[in-house]
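Working notes for the structure below.
Computation of the quantities below employed the complete heavy-atom set of this structure, encompassing side-chain atoms and omitting hydrogens, waters and symmetry-equivalent molecules. All chains are named by letter (A, B, ...) in the order of the sequence lines, taking the proteins before the strands, and each is independently numbered beginning at 1.
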Amino acid sequence: MPELPEIETIRRGIAPEVEGRRIVAVDVRERRLRTPIARDFADRLAGRHVVQFDRHGKFLLGHLDDGRLWLVHLGMSGQLTLADGPVPARTHDHVVVRFEGDRTLTYNDPRRFGRLAVIDAAAVAAEAGGGVDALSPALDAGLLFALTRRRRTSIKALLMDQRRIAGLGNIYVSELLFRAGVRPRRAAGRLSRAECARIVAATAHVLAEAVRLGGSSINDYRDGFGRYGCFQSVHQVYDRAGEACRRCGTTVRGVVVVGRSTFWCPTCQR
DNA sequence: CGCACCCCCTGCCGGC
DNA sequence: TGCCGGCAGGGGGTGC
C-alpha cells in the first residue's frame, strides 16, 4: 500500500498527537506478522514517552525516552489510525497502543506484511535501511549520477532499491519517470547527468505534490484519521495501461519490470 | 551483479 | 449468483 507520501501523510497527522505523550498500554492481539512481533515488544513500549515521531523512507520511527526506536513499517496493507478513547475492535486490528489522555493508536494490517519492533538506536541503519531518503535535499543530481554509474540494472529497479534510495515504490517510480521523460527500463549506468538531474527534480516535484494531496488511495490506504488521499486522481501513467497519455494522447503502455507492473508513455519517455 | 522466481497473506475484481 | 485465477502500494530469500 503505502509509499513515502502516504507514510509522510500519516506521520504528519499522528506526530503532533503522540509526541511528548506517554504510552500507558500496549495490546498485541496478533504477533504473526511476516516478521513476528517480538515477545518483549509491548514491555519495551509501555511506559515510554514518544519524544519524536519521525520517518525514514517507508519506516515510521518513534524516538523513545530511553533512547530506543519504535519502528513501524506498514507493508502493503497496513494502516495506523488514531482515535480518542477506546475503539471497537475490527478484523485485523493487530496492535493497539494507548496513550495518556486516552488516545488510541491502532495498527491494522490484513496481509500482515508490515513490521513492528522496538530496536536500539544503533541498529536503525541495519533495520530500517541506509538509503538516502527520497525527500532529502541530499538526493541531488550528483548523488543520483554517482549511484547509477556502472550499474547495469534498470533505473526503475535502482530507484526502488531501499538500500540506495529510501521511500520510492511502484506508483511513484512510474509517475516520476514519466515526469522526467525517462523510460523505466533504461540502463541506470547509461543515463546522462542531465537525465539524472531531471529524475531528481521530478522526484522532488511528484513527492511534494503527493504529500500535498495526502497520498494515493488505490484500495485501502487511509491517513492516520481514516481519510482518503487524492493523488490517485492526478496519476499520469500509473494503472493507466491502454488509456491515452494525458500529455500527448499516445496509448500508455504497461509492462512488468523487475517483477512489478510498470507504466510509461512511449512518446513522452525516451 | 542482476534477475527470475519463489515465499509471506488477505481481499478484490473480472471472467466464466 | 458463485467460484477461481490473477493481481495488489511491501520486502526477503534462493539459485542461476
Decide ring-ring contact (aromatic ring centres under 6.0 Å, His included) for A/Phe231 and A/Tyr238; before the verdict, give the C-alpha distance in whole Å, the side-chain angles of both, and the deciding distance to 0.1 Å. CA-CA 11 Å; A/Phe231 191 74; A/Tyr238 182 78; over 10 Å; no
Separation of [N] [atom2] from [X] [atom1] (nearest whole Å):
X        : N      : atom1 : atom2 : answer
A/Lys156 : C/dG10 : NZ    : C1'   : 13 Å
A/Leu71  : C/dG10 : CG    : P     : 17 Å
A/Asp220 : C/dG9  : CG    : C1'   : 8 Å
A/Ile218 : B/dG11 : CD1   : C1'   : 15 Å
A/Arg31  : B/dC9  : CZ    : P     : 17 Å
A/Ile171 : C/dC7  : CD1   : C1'   : 14 Å
A/Arg112 : B/dC8  : CZ    : P     : 11 Å
A/Ile10  : C/dG10 : CD1   : P     : 13 Å

Any donor-acceptor pair under 3.5 Å linking the side-chain atoms of A/Tyr221 with those of A/Glu3?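 Not at all, the side chains of A/Glu3 and A/Tyr221 share no donor-acceptor pair under 3.5 Å.
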Could you walk me through whether A/Glu175 and A/Arg179 satisfy the salt bridge (Lys or Arg N to Asp or Glu O under 4.0 Å) test, starting with their C-alpha distance in whole Å, then the side-chain angles of each, then the deciding distance to 0.1 Å, before giving a yes or no? CA-CA 6 Å; A/Glu175 291 298 310; A/Arg179 185 174 177 86; over 6 Å; no
Below 4.0 angstrom from OP1 or OP2 of [N], is there any side-chain N or O of [X]?
X        : N      : result
A/Gln162 : C/dG10 : no
A/Arg115 : C/dG10 : no
A/Arg34  : B/dC9  : no
A/Ser77  : C/dA8  : no
A/Asn170 : C/dG9  : yes

Taking only the [atom1] atom of each, what is the distance from [N] to [M] in whole angstrom?
N      : M     : atom1 : value
B/dG2  : C/dG9 : C1'   : 24 Å
B/dC5  : C/dG6 : P     : 14 Å
C/dG10 : B/dC1 : C1'   : 23 Å
B/dA4  : C/dC7 : P     : 15 Å

Hey, does [X] reach any base, or is it just sugar-phosphate, or nothing, if we go heavy atoms under 4.0 Å?
X        : value
A/Ser261 : sugar-phosphate
A/Arg151 : sugar-phosphate
A/Tyr172 : nothing

Would you give the length of the straight line joining atom OG1 of A/Thr203 to atom CG of A/Leu139, rounded to the nearest 0.5 angstrom? 6.5 Å
Does A/Gly259 or A/Phe113 map to a spot on DNA chain B nearer the 5' end, using the closest nucleotide for each? A/Gly259
Between [options], which nucleotide gets closest to the side-chain atoms of [X]?
X        : options               : answer
A/His92  : C/dG11, B/dG2, B/dG11 : B/dG11
A/Arg260 : B/dC3, C/dG9, B/dT10  : C/dG9
A/Asn219 : C/dG9, B/dC3, B/dT10  : C/dG9
A/Arg111 : C/dG9, B/dG2, B/dC9   : B/dC9

Let's test your reading of the pairing rules: Watson-Crick or G-U wobble, both distances under 3.5 Å, then write DNA chain C as a dot-bracket string with ( ), [ ], | and dots. .|||||||.|||||||
I'd like to know if the side chain of A/Glu30 and the backbone of A/Asp93 have a donor-acceptor N/O pair within less than 3.5 Å.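 Pair absent, no side-chain N/O of A/Glu30 close to backbone of A/Asp93.
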Side chain A/Arg68, main chain A/Asp120, donor-acceptor under 3.5 Å: no
Could you tell me if A/Arg22 sits above the aromatic ring of A/Phe99, with its cationic atom closer than 6.0 Å to the ring centre and no more than 45 degrees from the axis?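 Geometry flag: not set, cation outside 6.0 Å or 45°.
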Under 6.0 Å from the ring centre and within 45 degrees of the ring axis: does the NZ or CZ of A/Arg240 meet both conditions for the six-membered ring of A/Phe263?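 No, A/Arg240 does not sit over the ring of A/Phe263.
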Does the side-chain contact (heavy atoms from CB on, under 4.5 Å) test come out yes or no for A/Asp65 and A/Arg48, once each step is laid out? CA-CA 6 Å; A/Asp65 58 1; A/Arg48 301 271 64 83; 2.5 Å; yes
